[in-house]
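All of these numbers come straight from a predicted model, not from anything done at the bench. Throughout, numbering of the chain's residues begins at 1 and tracks the sequence.
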Amino acid sequence: GKADKINSQDLLSQVTEVLELDGLMKHKLNGLSKGEMQRVILAFSLLYGSQSIFMDEPLFAMENAQKHKTLKFIKEYCAVYGTNVYISMHELDLNKIYPENILLFNNEMNMGPSYSRNLGLKHVEAKYVNFLDSDDIISKDAFKAAYDFLETHQEVDIVSIPIYYFSVKRGPHSLNFKFEKDQIIN
């Protein structure tokens, strides 16, 4: 059955195998190629256990065989865990092969990520949503901290967190001064 395909007890080993992460575990993120980094971020997204996962071009730097293997695994993962995965990608051939877990939004012209994300939000049935781009990294406790904050501050609709560059450009974002203290803005 479905539970045989992905057993929660060995999810980490399955994600590690499917995304070919064994050789990457001891490397720093800034030492990874774009495709390797995408696989690590994708693994984190799946292992975190969110009800809904939004991904913007999470496969573009992967080899073709890796793309198919990954999408097949995501399809099984969604069936077993009841997770909704929303993937924005421009590879129509893949969208045709894996339609059960991919909602395709085809804008007649490039409307930018905000337009497509807002369109995707109309299809979300989760209490909380986070957008994480393929080149974003988030600390392992960031979602938990945001969740805890939102649960104790029901009047808040949006949580924003500090941003740090980790690739060619490094260090804190110039707007991080906003986070010198916790605050609720009305």
Side-chain angles (χ1 to χ4, degrees), residues 2-3 5-9 11-12 14-16 18-19 21 29 37-60 70-71 73-89 95 98-107 111-166 172-173 175-186:
K2 290 180 182 178
K5 291 181 180 178
I6 302 176
N7 182 331
S8 62
Q9 301 207 349
L11 179 59
L12 175 60
Q14 290 183 358
V15 167
T16 300
V18 168
L19 296 175
L21 300 177
L29 282 174
M37 192 176 302
Q38 281 187 302
R39 295 192 330 257
V40 169
I41 294 168
L42 184 57
F44 177 82
S45 298
L46 295 173
L47 292 169
Y48 190 78
S50 299
Q51 287 182 323
S52 295
I53 301 171
F54 286 80
M55 292 184 264
D56 182 23
E57 293 291 332
L59 312 173
F60 83 90
T70 300
L71 286 171
F73 181 78
I74 290 173
K75 181 178 176 179
E76 293 171 3
Y77 175 92
C78 290
V80 171
Y81 290 100
T83 300
N84 297 307
V85 176
Y86 301 91
I87 300 174
S88 169
M89 61 183 183
N95 287 327
Y98 301 96
E100 294 88 357
N101 65 325
I102 296 172
L103 189 57
L104 176 61
F105 299 107
N106 186 18
N107 302 324
M111 304 293 286
S114 295
Y115 177 87
S116 296
R117 286 176 177 172
N118 288 330
L119 184 60
L121 282 172
K122 293 178 183 178
H123 300 275
V124 174
E125 297 177 12
K127 185 174 181 179
Y128 300 115
V129 175
N130 178 75
F131 292 107
L132 195 65
D133 289 335
S134 62
D135 59 350
D136 291 345
I137 297 174
I138 194 159
S139 68
K140 67 179 181 177
D141 59 346
F143 288 129
K144 173 84 169 97
Y147 174 83
D148 290 346
F149 181 83
L150 287 166
E151 287 295 301
T152 57
H153 295 87
Q154 296 289 318
E155 73 279 12
V156 174
D157 294 321
I158 298 173
V159 171
S160 180
I161 60 175
I163 300 168
Y164 295 89
Y165 298 107
F166 63 90
H173 191 279
L175 296 177
N176 281 357
F177 69 88
K178 301 183 297 183
F179 304 103
E180 291 175 359
K181 63 180 182 169
D182 289 344
Q183 56 186 326
I184 298 176
I185 300 171
N186 189 357

Determine the minimum heavy-atom distance between [X] and [Y], stating which atoms define it.
X   : Y    : value
S45 : I53  : O-CD1, 3.4 Å
Y48 : K144 : OH-N, 3.0 Å
V85 : C78  : CG2-SG, 3.4 Å

If you define the side chain from C-beta out and look only at heavy atoms, does anything of [X] sit under 4.5 Å from [Y]?
X    : Y    : result
L11  : Y81  : yes
N176 : Y164 : yes
Y86  : R117 : no
I41  : P58  : no
Y77  : V15  : no
E151 : K127 : yes

Let me confirm one number: the [atom1]-[atom2] distance from [X] to [Y], rounded to the nearest 0.5 Å.
X    : Y    : atom1 : atom2 : answer
L19  : L47  : CG    : CG    : 8.5 Å
L121 : S116 : CG    : OG    : 11.0 Å
M111 : N118 : CE    : CG    : 11.0 Å
I158 : Y128 : CD1   : OH    : 13.0 Å
E155 : L150 : CD    : CG    : 9.5 Å
I163 : K178 : CD1   : NZ    : 7.0 Å

> Between F149 and H153, how do the two ring planes meet: parallel, tilted or perpendicular, split at 30° and 60°?
Replying inline: parallel
**Asked** Could you walk me through whether L42 and I74 pass the side chain to side chain contact (heavy atoms under 4.5 Å, CB included) check?
**Response** CA-CA 10 Å; L42 184 57; I74 290 173; 4.2 Å; yes
Evaluate ring-ring contact (aromatic ring centres under 6.0 Å, His included) for Y147 paired with F143, printing each intermediate quantity in order.
CA-CA 6 Å; Y147 174 83; F143 288 129; over 10 Å; no
Practice task
Check whether more than 12 heavy atoms from other residues, nucleotides or ligands sit under 6.0 Å from atom CG of L175, and answer yes or no.
Solution key: yes
